[in-house]
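Notes for the one structure printed next.
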Amino acid sequence: QHFNHLIANFRTANVKTSNLKFINMQAKRNALQQLDRLFKPKTIAVIGASVRPEKVGYVVLRNMLEAGYRGKLYAVNPKYTEVQGQPCVRSIHRVPVLVDLAVITTPAHTIPNLVEECGEAGVGGVVIISAGFREAGAEGQQLYARVLEIARKYEVRILGPNSVGIINPHLNLNAAYVNRMALKGNIAFVSQSAALCASILDWSVEQHVGFSHFVSVGAMMDVNFADLIDYLGTDNTTSSILIYMESLTEARRFMIAARG
């Protein structure tokens, strides 16, 4: 009887373990699908798009247009009806289709409300180029915590803040605050340093080195190195991942992802 009890417990434990593995695999698949909307978007909105060349929103929208992005592109700014030849709407709620990726270029204090609007509108991922969060003292830390809370509420993935943006040459996608477009290749480059992103991009163009993805992670409020290793490891245009890392907060999760 005791032996039968042990067998029953063993079988129950196996079922629980199998269920847990299934749940973890399902969660991982869902996470990868979410990141697909961020890194392979079919529709993009540039929030804070501008007609003034000195503004971040001007540069990001210009880069998108010059790269020849093949998806749908919308400018968002309540001040304008047209920006750089593109129709401009007042808010993300006025975009007539579901937006996969929103690139936010406005000041830090505007970000919580904008991320909330993105969540309400069903946006899949947000790149926050803006600075002024944890590095800006107590007020910035409160903003940081608030944005993260909102993002989790709506299950919106966040890249940044303090991100330069993302480039996917295979999609003619340049949603970044940079002066060049990356060449096509099979190396995924991920950097915590915005300055290094610009330097590597300049060097790569001169040396004819191409990339599958070019990602500036910024402060890693949400999307981190482990997420990117998991995602890029399944990408059929990527054969290797190159990471420039300044700090690591989730070492165990990173090692699990790196081991595959």
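Quick note: residue numbers are just sequence positions, from 1.
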Does CD in Glu139 sit with more than 12 non-hydrogen atoms of other residues, nucleotides or ligands closer than 6.0 Å? no
Is the side chain of Glu246 donor-acceptor paired with the backbone N or O of Ser193 at a distance under 3.5 Å, no angle test? no
Can you measure from CE (Met220) to CE (Met245) and round to the nearest 0.5 angstrom? 7.5 Å
Between the main-chain N or O of Val217 and the side-chain N or O of Ser191, is there a donor-acceptor pair closer than 3.5 Å? no
Side chain Asn77, main chain Cys88, donor-acceptor under 3.5 Å: no
Is the shortest heavy-atom distance from the side chain of Asp100 to the side chain of Ile44 under 4.5 Å? no
Give a yes or no on whether the backbone of Ile158 and the side-chain of Asp222 come within a donor-acceptor separation of less than 3.5 Å. yes
With ring pair (Phe, Tyr, Trp, His ring centres under 6.0 Å) as the rule and sequence neighbours excluded, what pairs involving residues 209-240 come up? Phe39-Tyr231, Phe189-Phe214, Phe211-Phe214
Looking at Leu98 and Gly122, what are the two nearest heavy atoms and their distance? CD1-O, 3.4 Å
What's the spacing between Glu117 CD and Ile92 CD1 if we round to 0.5 Å? 8.5 Å
Measure the shortest side-chain to side-chain distance between Val83 and Val46 over non-hydrogen atoms and say whether it is less than 4.5 angstrom. no
Leu183 side chain reached by Ser204 side chain, heavy atoms, under 4.5 Å: no
Ignoring hydrogens and geometry, is there a side-chain-to-backbone donor-acceptor pair from Arg37 to Val99 under 3.5 Å? yes
Taking the side chain as everything from C-beta on, heavy atoms only, tell me whether Ile243 gets closer than 4.5 Å to Ile229. yes
Distance (rounded to the nearest 0.5 Å) between Ile129 CD1 and Ile104 CD1: 10.0 Å
Pairs meeting criterion side chain to side chain donor-acceptor pair (under 3.5 Å) with involvement of residues 164-181, two or more places apart: Arg180-Asp202
Please check if atom NZ in Lys40 has more than 12 non-hydrogen atoms from other residues, nucleotides or ligands closer than 6.0 Å. yes
In one Ile/Leu/Val/Met/Phe/Trp/Tyr side-chain cluster, 4.5 Å: Leu38, Leu232: yes
Hydrophobic cluster membership, with links at side-chain heavy-atom distances under 4.5 Å among I/L/V/M/F/W/Y: are Tyr154 and Ile128 in one? yes
Is a side-chain N or O of Gln34 found less than 3.5 angstrom from the main chain of Glu155, in a donor-acceptor match? yes
Leu242 side chain near Ile200 side chain, heavy-atom distance below 4.5 Å: no
Sub-4.5 Å side-chain heavy-atom contact between Val123 and Val115: no
Establish whether Leu35 and Val215 are linked, either directly or via other cluster members, by ILVMFWY side-chain heavy-atom contacts under 4.5 Å. yes
Closest approach of Ala131 to Asn162 (non-hydrogen atoms, all atoms of both residues): CB-ND2, 3.5 Å
Taking the side chain from Asp227 and the backbone from Asn224, do they hold a donor-acceptor pair closer than 3.5 Å? yes
When you compare the side chain of Met181 with that of Asn63, does any pair of heavy atoms fall below 4.5 Å? no
So do the side chains of Leu173 and Met64 get within less than 4.5 Å of each other, counting heavy atoms only? yes
Could you state whether Leu228 and Met255 fall into the same hydrophobic cluster, counting links through intermediate Ile, Leu, Val, Met, Phe, Trp or Tyr residues with side-chain heavy atoms under 4.5 angstrom apart? yes
Which heavy-atom pair separates Pro169 from Ser212 by the least distance, and what is that distance? CD-O, 3.5 Å
If the test is side-chain hydrogen bond (donor to acceptor under 3.5 Å, both in side chains), which one of Arg152, Arg146, Lys153 qualifies with Glu149? Arg146
Rounded distance (nearest 0.5 Å) linking atom CG of Leu65 with atom CD of Gln86: 5.0 Å
Taking Gly165's backbone N and O only, do any of them form a donor-acceptor pair with Ser163's side chain (distance below 3.5 Å, no angle check)? yes
Looking only at heavy atoms, which two atoms of Arg52 and Ser50 are closest? And how far apart? N-OG, 3.0 Å
By the side chain to side chain donor-acceptor pair (under 3.5 Å) test, which pairs, at least two apart or in different chains, include something from residues 121-130? none
Is a donor on one side and an acceptor on the other found under 3.5 Å between the side chain of Glu135 and the backbone of Phe133? yes
Should Val95 and Val103 be counted in the same cluster of Ile, Leu, Val, Met, Phe, Trp and Tyr side chains packed under 4.5 Å apart? no
Which heavy-atom pair separates Val76 from Ala45 by the least distance, and what is that distance? CG2-CB, 4.1 Å
Value rounded to 0.5 Å, distance of CG in Asp235 from CG in Asp36: 8.5 Å
Return the minimal non-hydrogen interatomic distance between Thr105 and Ala49, and the atom names on each side. OG1-N, 4.4 Å
